[in-house]
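Below: the structure, in structure tokens.
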Amino acid sequence: MPVRQSFLPFHQPWVDDAGIKAVTDVLQSGWLTRGPRTEEFERAFGAYVGSRHAIGLSSCTAGLHLALVALGIGPGDEVITSPITFPATANVVVHQGARPVFADVERLTLNLDPARVEAKITPRTRAIIPVHFAGHPCRMDAFIALAERHRLRIIEDAAHAIEAWAGERKIGGIGDFTAFSFYATKNLTTAEGGMLTTNDDELADQARILSLHGISRDAWKRYAPDGPLHWETVSPGYKYNMFDVQAALGLSQLERLEEWWKIRGGYLRRYREGLADLPEVEMLGEEPGIRHANHLCVIVLDTDRLRVDRDGIMSALRAEGIGTGIHFRSLSLHPYYRRTFPASAGDLAVAESISERLLSLPLYPKMTADDLDDVLDALHRVIAANRR
Ligand SMILES: *Cc1c(COP(=O)(O)O)cnc(C)c1O
């Protein structure tokens, strides 16, 4: 008999009645595209993360891309980032004709290691993209010091880190740009969507214009009674804007963000206690003095003690009715990056040795403590059955 009769998915978004009503209201309002709800969400989100400017977008990927465009990063340039991330983080660098350079991560958090980043800096390096992996903020003091010393820009991939603080500083107001994701599996969802924040007025202006075809300011208002009669193309921009249906859902999700963060924090503690007796399973660590966004529960499997690999454990958990995820397989091991930007042997030792042993357990407010105990039971059963 499997631990669960009904399958526990790796993630389930929580859209409450208020969210459904907010979306319906927009659908009935006569204004569906970018408009007042998007502006309201931008203001509320900017206030939450403590950033002067917040630009609503179609995705986090769009935000990372716009940041590179606004900073003028292109052919001949190098951008250093983490190999333990979603492919989009590096793909956008390739889209700009620049070269993504991977630096190794720290074993405790799987965040970019500032010392390894420094070793990768060349005269062509223009920017660093720290990824706040699983919700643990990167060592931003170290990255800012590097950026100042070498005249580099910082673009943060905060897809996992809406609620995080790096010491005294809230994620979202630190680097030149910070990109957030509202994809369905993230801490706040608009189904698809993202936000780009910055404290720089000029960069914000550029990114905003580029996000809507490169047409002049407030172009989204062009069909409103108080909108501009004419608009002009000032640069060949993109179609990356958020729209009001998304923003209405986002606003309702923002209301519950902290409540949900607390629930996930409690679940992470319960996982840590419940896994303490399994030497084959290790949870990622946490540095003192930070605020974790509690986005993912990532475990590292000690496969030397097991008769099966990570995929074997994943399949066995699935047979017990538990869905899991993988965050992430080192980008240096993906065919495109291995072929196009091969890493030298040993250069990404931590990332490449660990990424085939990572597994993410379900962690979301819609699951119950009983669901979580099922995950623990299933993991104990699967590990016991596969011990060497
Ligand atoms: C989800 C994710 C992205 C991409 O977010 P989208 O909103 O889907 O574009 C980028 N980076 C990381 C680390 C992610 O987890």
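All ligand and atom numbering here is 1-based and tracks the order in the structure. Each residue takes its place number in the sequence, starting with 1. Nothing here was measured: the structure is a model prediction, and the numbers come from that model.
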Kindly print each ligand 1 N/O atom paired with any protein N/O atom under 3.5 angstrom away, one pair per line, or none if nothing qualifies.
unit_1: ligand 1; atom_1: 5 (O); unit_2: Ser181; atom_2: OG; d: 3.2
unit_1: ligand 1; atom_1: 7 (O); unit_2: Cys60; atom_2: N; d: 2.9
unit_1: ligand 1; atom_1: 7 (O); unit_2: Ser181; atom_2: OG; d: 2.7
unit_1: ligand 1; atom_1: 9 (O); unit_2: Cys60; atom_2: N; d: 3.4
unit_1: ligand 1; atom_1: 9 (O); unit_2: Thr61; atom_2: N; d: 2.9
unit_1: ligand 1; atom_1: 9 (O); unit_2: Thr61; atom_2: OG1; d: 2.5
unit_1: ligand 1; atom_1: 11 (N); unit_2: Asp157; atom_2: OD1; d: 3.3
unit_1: ligand 1; atom_1: 11 (N); unit_2: Asp157; atom_2: OD2; d: 2.7
unit_1: ligand 1; atom_1: 15 (O); unit_2: His160; atom_2: NE2; d: 2.7
unit_1: ligand 1; atom_1: 15 (O); unit_2: Lys186; atom_2: NZ; d: 3.1

### Task
For Tyr48, enumerate each residue passing the ring pair (Phe, Tyr, Trp, His ring centres under 6.0 Å) test, keeping only those at least two apart in sequence or located in another chain.
none
### Message
Determine whether a donor-acceptor pair (N or O, by modelled atom type, separation under 3.5 Å) exists between the side chain of Gln246 and the backbone of Glu192.
### Response
yes
#### Entry: Sequence-distant partners of Glu356, side chain to side chain contact (heavy atoms under 4.5 Å, CB included), two or more places apart
Arg310, Arg329, Leu333
### Query
Can you say whether the rings of Tyr240 and His65 are parallel (under 30°), tilted (30 to 60°) or perpendicular (over 60°)?
perpendicular
### Message
Is it the case that the side chain of Asp205 and the backbone of Glu202 share a donor-acceptor pair, with hydrogens and angles ignored and the cut-off at 3.5 Å?
### Response
no
### Partners passing ring pair (Phe, Tyr, Trp, His ring centres under 6.0 Å) against Phe177 (at least two apart in sequence or in another chain)
none
